[in-house]
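As structure tokens, the structure follows; a few thoughts come after it.
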Amino acid sequence: MKTIDVCLTPDLMHLYSVADRSVVVVDIFRATSCMVTALANGVASISPFAKLDDCLAMKTQGYDTAGERDGKKVDGFDHGNSPFEYMVDEMKGKRLAFTTTNGTQAIAKSLGAREIIIGSFLNLSAVAVHLKDSGNNILIVCAGWKGKFNLEDTLFAGALVDLLEGDYVPECDSPIAAKHLYLSARNDMKAFLSNASHVKRLAKLNVFKDIEFCLTVDVYNVVPILRDGVLTA
Ligand code: MLT
């Protein structure tokens with residue numbers, strides 16, 4: 001049977017081989033939720049960058065720069081990291097160069113995988129269907145916060161493990177733990193996450209509606225896939 005595993009933070013990536021797997025990168029608050037929303041709403045492509053300077057350099061090639069550091073839009077960037085910024089008509093057809101504190105770092109650490117796809121609660125079922133069709137072993141990479149564990153990405157991992165149960169066996173204990181965490185939280189994820197570190201961080205920045213939106217399940221049917229360094233729907 002195929003296997004499923006969960007890397008709880010990018011700093012644990014050295015423990016996993018990605019070459020034969022579909023890797024699902026998740027950063028619920030808010031990078032991957034934002035990427036899914038942007039591509040579902042007509043953004044043409046997203047080029048993810050780990051480094052600010054590499055992202056900024058894309059401006060001269062006709063890209064809009066987008067993303068954040070520590071949750072705040074970067075000075076001089078065209079767009080920030082709220083999903084709501086990407087739902088407007090003006091974003092349609094744009095090519096984005098995107099960098100975030102954790103999400104795009106997790107993508108960079110997953111390079112070399114058989115495929116890299118972008119997961120969020122917003123496209124949870126579409127991701128599950130895609131993974132079953134691809135027939136590969138799966139690694140879910142939680143972006144966490146600066147190398148540390150976070151609850152919301154682990155909840156997503158658990159939700160995906162729960163959906164795929166029966167078709168995949170867990171490779172170690174992290175998928176089992178993530179699933180149990182999700183089962184305890186699923187009836188009210190917002191309440192479960194009320195003390196989560198990044199919820200508190202976003203609250204300090206007065207970002208509230210993003211939290212609720214990013215926890216909404218199956219809003220979009222898109223599965224962003226990284227090909228030649230570019231994410232498209
Ligand atoms: C990240 O990559 O860490 C996040 O997207 C931060 C945020 O903007 O909430």
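Numbering of ligands and ligand atoms starts at 1, following listing order. All values below come from the heavy atoms of this structure, side chains included, with hydrogens, waters and symmetry mates left out.
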(Q) Students often mix this up, so state it plainly: with edges at 30° and 60°, are the rings of Phe213 and Tyr220 parallel, tilted or perpendicular? (A)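 Rings of Phe213 and Tyr220: perpendicular, over 60°.
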Q: Using the six-membered ring wherever Trp is involved, compare the ring planes of Phe156 and Phe121 and label them parallel, tilted or perpendicular (cut-offs 30° and 60°).
A: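 It falls in the perpendicular class, over 60°.
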Q. When rounded to the nearest 0.5 angstrom, what distance separates OG1 in Thr104 from CG in Asn81?
A.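 Spacing of OG1 (Thr104) from CG (Asn81) equals 9.0 Å.
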Q: Collect the protein residues that have a non-hydrogen atom under 4.0 Å from ligand 1 and hand them over in chain and number order.
A: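 Correct list: Asp27, Phe29, Arg30, Ala31, Glu68, Gly71, Asn81, Thr100, Thr101, Asn102, Gly103, Trp145, His198, Leu202.
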(Q) Treating Ser174 as the side-chain partner and Cys7 as the backbone partner, does any N or O pair qualify as donor plus acceptor under 3.5 Å? (A)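 Answer holds: no.
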Q) Side chains of Arg186 and Asp162: closer than 4.5 Å at any heavy-atom pair? A)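 The answer is yes; the side chains approach within 4.5 Å.
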Q.
My understanding is that only one of Asp54, Asp78, Asp53 makes a salt bridge (charged side-chain N to carboxylate O under 4.0 Å, His left out) with Lys59; could you say which?
A.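 When salt bridge (charged side-chain N to carboxylate O under 4.0 Å, His left out) is applied between Lys59 and each of Asp54, Asp78, Asp53, only Asp78 qualifies.
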